[in-house]
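Let me begin by presenting the structure, written as structure tokens, before commenting on it.
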Amino acid sequence: MSAKKLLVATGGGDCPGLNAVIRGIVKRAARESENGRNWEVWGSMEAFKGIMDDPLRLIRLDGGATSGIHVRGGTIIKTTNKGNPMAYPEKQADGTFKEVDKIPWLVDRMKSQGFEAVVNIGGDGSQAISQALHEAGMPVIGVPKTIDNDLGATDFTFGFQTAVQTATDAFDRLVTTANSHHRVMIMEVMGRNAGWIALYTAIAGGAEICLIPEIPYDIDVVVKRIRERYNDGRGFVNIVVAEGAFAKEGSVTAGEGELGRDAVRLGGVAYTLSEQLKSAGVEADIRETVLGHIQRGGIPIAYDRVLASVFGVKAFELVLDGKYGEMVVLKNNSFTSVPLAKAIADYNYVDPEGTLVNAAKGLGISFGI
Ligand code: F6P
């Protein structure tokens with residue numbers, strides 16, 4: 001009996017747990033053969049580039065190819081956050097690039113290759129592509145991924161808890177040096193415009209100060225908190241700052257853009273903050289650590305392996321049910337799905353008045369306000 005073909009893609013920044021989702025899809029698909037329904041799962045290399053390229057770059061994802069990959073970081077089918085098919089940078093005769101909508105062409109391409117459906121694993125940008133493919137007539141299921149945890153439709157995205165664990169381990173090491181040298185240690189974490197990684201790490205690590213994008217900080221208040229700590233005899237301070245944080249009268253610290261990339265590159269706020277503190281008269285030695293991609297790498301912790309594996313199984317079951325145009329989510333402790341259109345419109349930011357921020361304040365953590 002001929003097999004149905006399913007395409008899987010991973011898009012955007014990599015994230016611990018991507019491989020566990022892929023394995024979950026493949027394992028669940030294999031169970032169907034017990035019922036006489038055969039499915040072939042294929043991976044498109046580097047998001048949709050693999051199916052867009054000539055020659056095609058697709059790999060067969062079967063039991064052998066996916067065996068044991070749930071414990072591995074990254075993605076065996078690679079990823080990219082460039083070359084969005086909704087605005088694909090196509091080189092013109094004069095050497096310039098023009099953004100072209102390749103979605104209708106991509107749908108034809110997938111269908112002509114015999115793909116019944118596609119599971120797209122990615123964050124907000126990737127799920128906007130999922131929605132565009134769905135509107136253009138391609139049966140699509142989305143799976144939410146990002147260490148930033150900034151998708152409102154799901155309680156957690158996989159990868160987030162691993163990033164928090166990695167950041168907390170790094171924080172613990174920095175406390176040692178802050179203490180020994182009476183220093184102010186600033187640790188910058190990722191998260192784009194959401195402060196979740198910073199907030200969780202500050203609580204888990206026991207930071208004195210936590211600066212997040214949702215609460216623009218007042219540098220004088222930050223300085224006051226640092227002085228209190230030195231005056232009460234503790235003599236050292238640990239700060240966690242989210243890469244998207246900024247001062248009340250300031251703006252985010254961002255780098256250069258890159259060709260074919262939608263989002264601005266954040267990073268370096270630890271140095272901005274350090275300068276601001278020095279200008280405001282902080283005399284203690286200040287050291288900056290930008291944790292960067294260490295937060296995205298390495299093996300997923302058990303929580304993320306479970307979340308990702310269940311998301312994979314659930315995604316394939318949505319394919320079986322023909323529930324296309326949906327994204328798998330964990331909502332109120334239940335694995336379910338929501339329309340992609342809702343998923344991409346609904347962001348998850350830290351609530352400045354929420355219970356977690358209040359609890360952090362109760363622990364003595366200052367948000368610089
Ligand atoms: O969205 C995940 C993320 O790691 C963000 O936290 C960060 O701002 C961004 O990706 C970094 O992207 P890149 O790996 O392209 O520098």
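Everything quoted here is computed from the prediction, not taken from an experiment. Both counts, for ligands and for their atoms, begin at 1 and track the order of listing.
Ligand-side atoms of ligand 1 in range of Gly191: 6 (O), range being under 4.0 angstrom from any heavy atom. Heavy-atom proximity to Ile147, at under 4.0 Å, picks out these atoms of ligand 1: 4 (O). Of all atoms in ligand 1, numbered sequentially from 1 with element shown, those under 4.0 Å from a heavy atom of Arg192 are 5 (C), 6 (O), 8 (O).
Distances from atom 7 (C) of ligand 1 to the heavy atoms of Gln295, Glu243, Arg265, Arg296 put Glu243 nearest.
Inclusion of Leu266 in the set of residues having an N or O under 3.5 Å from an N or O of ligand 1 is not warranted.
Under a cutoff of 6.0 Å and an axis angle of 45°, Lys5 and Trp39 do not form a cation-pi pair. By the 6.0 Å and 45° rule, Lys314 does not stack over the aromatic ring of Phe335.
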Q. After noting the C-alpha distance and the side-chain angles of Thr162 and Asp304, does the key distance pass the side chain to side chain donor-acceptor pair (under 3.5 Å) rule?
A. CA-CA 7 Å; Thr162 301; Asp304 282 332; 2.5 Å; yes
Q: Apply the test side chain to side chain donor-acceptor pair (under 3.5 Å) to residues Gln276 and Tyr271: give CA-CA distance (whole Å), side-chain angles for both, the deciding distance (0.1 Å), then the verdict.
A: CA-CA 9 Å; Gln276 290 168 341; Tyr271 300 101; over 6 Å; no
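In this structure, CE in Met185 is found 13.0 Å from CZ in Arg173, a value given to the nearest 0.5 Å.
A 6.0 Å sphere centred on CD of Glu283 holds no more than 12 heavy atoms belonging to other residues, nucleotides or ligands.
Under a 4.0 angstrom heavy-atom cut-off, His293 registers as being in contact with ligand 1. Under a 4.0 angstrom heavy-atom cut-off, Gly123 registers as lying outside contact with ligand 1.
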